[in-house]
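Let me begin by presenting the structure, written as structure tokens, before commenting on it.
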Amino acid sequence: MSGIAAIFKPQSSNANESLIRDMASLMAIRGPNYQQYWCDKNMAMTHTLLPTTIESKNECQPSTTNGDIWITADARIDARDDLISKLKRHFPNIKKNTTDDKLILSAYQLWGAECLDHIIGDFAFILWDSTKQRLLAATDQFGVTPLYYAKTEMGICISNTLNAIRLHPEVSNELDQVAIADYLLFRINENNHGTFFEHIKHLPAGHFLTFENNTLRIKQYWKFEPRGEIIHSKPSDYIEEFNDLLKCAVRDRLRTNSAAVHLSGGMDSSSVTAIANNLSKDQS
């Protein structure tokens with residue numbers, strides 16, 4: 001997926017343009033279509049594009065809607081029709097083909113950090129609000145799209161590519177011995193905030209961070225809560241509801257003229273493939 005990164009230096013009047021360009025170059029393998037960056041005083045952002053939806057072909061990031069708030073995002077927003085319907089009441093220029101990054105920007109303008117209560121999908125984004133001198137970064141509810149960060153002496157460095165953060169001269173290469181031991185013993189890092197590097201942290205699923213007034217805050221905005229018991233009069237009604245939900249989920253993710261599916265040999269990937277094929281036929 002697309003590469004994103006940002007460097008924020010609150011007390012500096014000079015964003016590190018050469019470093020953000022190096023980070024863009026490193027992430028070019030993630031975003032071969034273009035590598036762009038934007039700098040303004042104490043903030044620098046970059047984006048390397050790999051388009052995966054019809055709308056993303058029109059993306060030009062880092063992007064802004066009003067010149068005060070900027071974003072770089074690796075995002076595929078789902079339930080777009082519902083979100084667009086909410087936003088159009090306040091932003092008449094929002095259209096069906098508005099790119100996902102602009103939807104996130106508009107949602108932030110309307111709801112602030114609470115915009116995360118209205119957004120679903122696979123996403124990681126870094127947003128800069130110059131009016132508040134606030135950096136906001138978030139990852140999706142299930143952490144499908146990762147996001148890493150490192151607190152530096154002069155500020156913070158964030159990216160969805162761990163090795164891009166390692167380019168920062170203030171970020172140590174010191175290893176986290178506990179994380180490595182966890183992986184060797186259990187094949188997983190038990191600390192979902194950590195990485196193999198002591199000074200590079202992972203933003204867990206369903207969390208966002210803010211960096212404001214030289215203070216880093218991390219907050220959980222979502223956790224899985226099972227719905228109440230569903231009771232239908234007929235067993236076939238359960239099957240029908242499940243099929244409707246599965247079709248809706250596949251349709252949300254089928255936003256191109258073609259798609260690839262990883263077949264594991266189980267029933268879930270085969271079902272997704274069959275539904276995607278049927279939906280594609282209906283659209284043609």
Side-chain angles (χ1 to χ4, degrees), residues 1-10 16 18-32 35 37 43-50 52 72-76 116 121-127 135-211 214-224 262 264:
M1 303 292 280
S2 300
I4 62 174
I7 306 165
F8 179 36
K9 300 164 63 177
N16 197 327
S18 62
L19 177 57
I20 205 69
R21 291 178 67 176
D22 289 343
M23 295 170 82
S25 296
L26 181 143
M27 295 189 298
I29 192 170
R30 298 191 60 156
Q35 298 83 46
Y37 67 92
M43 168 58 70
M45 307 175 89
T46 186
H47 186 269
T48 65
L49 177 67
L50 175 65
T52 57
T72 179
D74 175 17
R76 190 208 67 244
L116 291 160
D122 295 347
F123 61 82
F125 67 81
I126 308 166
L127 186 147
L135 184 146
L136 169 71
T139 188
D140 60 76
Q141 289 85 349
F142 290 98
V144 175
T145 308
L147 203 58
Y148 307 97
Y149 65 94
K151 182 81 164 57
T152 65
E153 183 179 348
M154 298 292 292
I156 191 169
C157 181
I158 307 177
S159 178
N160 65 347
T161 307
L162 189 146
N163 279 339
I165 295 178
R166 294 181 62 203
L167 293 176
H168 199 296
E170 295 179 23
V171 175
S172 168
N173 283 324
E174 183 180 350
L175 297 176
D176 185 329
Q177 302 294 335
V178 174
I180 293 172
D182 277 351
Y183 183 77
L184 292 175
L185 289 170
F186 310 114
R187 306 300 292 176
I188 191 172
N189 186 354
E190 295 289 328
N191 178 10
N192 65 357
H193 287 266
T195 70
F196 288 157
F197 295 93
E198 181 69 32
H199 296 131
I200 302 178
K201 305 302 179 183
H202 170 251
L203 187 64
H207 284 66
F208 72 90
L209 69 79
T210 57
F211 195 83
N214 209 30
T215 301
L216 174 66
R217 293 185 175 89
I218 297 173
K219 184 177 180 181
Q220 184 175 15
Y221 69 88
W222 182 89
K223 64 179 180 179
F224 177 71
H262 176 76
S264 62

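For the numbers below, each heavy atom of this structure counts, side chains included, while hydrogens, waters and symmetry mates do not. All figures in this text were calculated on a predicted structure; none of them were measured in a lab.
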Rounded to the nearest 0.5 Å, the CE atom of Met45 sits from the CE atom of Met23 at a distance of 11.5 Å

Whether Thr139 side chain and Thr145 backbone form a donor-acceptor pair below 3.5 Å | yes

Take atom CD1 of Ile29 as the centre, draw a 6.0 Å sphere, and report whether it contains more than 12 heavy atoms from other residues, nucleotides or ligands.
-> no

Nearest heavy-atom contact between Ala179 and Phe196 is O-CE2, 3.7 Å

Worked check of side-chain contact (heavy atoms from CB on, under 4.5 Å) between Leu175 and Gln177 | CA-CA 6 Å; Leu175 297 176; Gln177 302 294 335; 4.2 Å; yes

Rounding to 0.5 Å, atoms OH (Tyr148) and CG (Asn160) come to a distance of 8.5 Å

Can you check whether Glu153's main-chain N or O pairs, donor with acceptor, with Glu170's side chain at less than 3.5 Å?
-> yes

Report yes if some heavy atom in the side chain of Thr72 is under 4.5 Å from a heavy atom in the side chain of Thr46; otherwise report no.
-> no

Does some side-chain heavy atom of Leu209 sit less than 4.5 Å from a side-chain heavy atom of Ile158?
-> yes

Least distance between heavy atoms, His199 atom then Ser172 atom = ND1-CB, 2.9 Å

Lys151 versus Asn214, closest heavy-atom pair with distance = NZ-OD1, 4.3 Å

Taking all non-hydrogen atoms of both residues, which atom of Ala205 and which atom of Phe142 are closest, and how far apart?
-> CB-C, 3.4 Å

CA sep, side-chain torsions, deciding dist, call: Asp74, Leu50, side-chain contact (heavy atoms from CB on, under 4.5 Å) = CA-CA 9 Å; Asp74 175 17; Leu50 175 65; over 6 Å; no

Verify, without hydrogens or angle tests, whether Thr195 (side chain) and Ile200 (backbone) share a donor-acceptor contact under 3.5 angstrom.
-> yes

Would the number of heavy atoms belonging to other residues, nucleotides or ligands and lying under 6.0 Å from CZ of Arg21 be above 12?
-> no

Rounded to the nearest 0.5 angstrom, the CG-CG distance for Leu127 and Leu135 is 8.0 Å

Where do Ala28 and Thr48 come nearest, in terms of heavy atoms and distance?
-> N-CG2, 4.4 Å

Atom pair CZ/OG1 of Arg30 and Thr161 - distance to nearest 0.5 Å = 4.0 Å

Spell out, as yes or no, whether a donor-acceptor pair under 3.5 Å connects the side chain of Asn16 to the backbone of Ala44.
-> no

Atom pair CD1/OG of Ile7 and Ser159 - distance to nearest 0.5 Å | 9.5 Å

Would a 4.5 Å heavy-atom cut-off, applied to side chains only, mark Phe197 and Leu162 as touching?
-> yes

More than 12 non-hydrogen atoms from neighbouring residues, nucleotides or ligands closer than 6.0 Å to CD on Gln220, yes or no?
-> yes

How about Arg76 and Thr52: does a side-chain donor come under 3.5 Å of a side-chain acceptor?
-> no

Should Asn189 and Tyr183 count as side-chain neighbours, where that means a heavy-atom distance under 4.5 Å?
-> no

Are the aromatic rings of Trp222 and Phe208 close, with centres under 6.0 Å apart?
-> no

For His168 and Arg166, indicate whether the former's side chain and the latter's backbone hold a donor-acceptor pair under 3.5 Å.
-> no

Gln35 CD to Met27 CE distance, which is reported to the nearest 0.5 Å = 9.0 Å

If you look at every heavy atom in Tyr149 and Leu203, which pair is closest and at what distance?
-> CE2-N, 4.1 Å

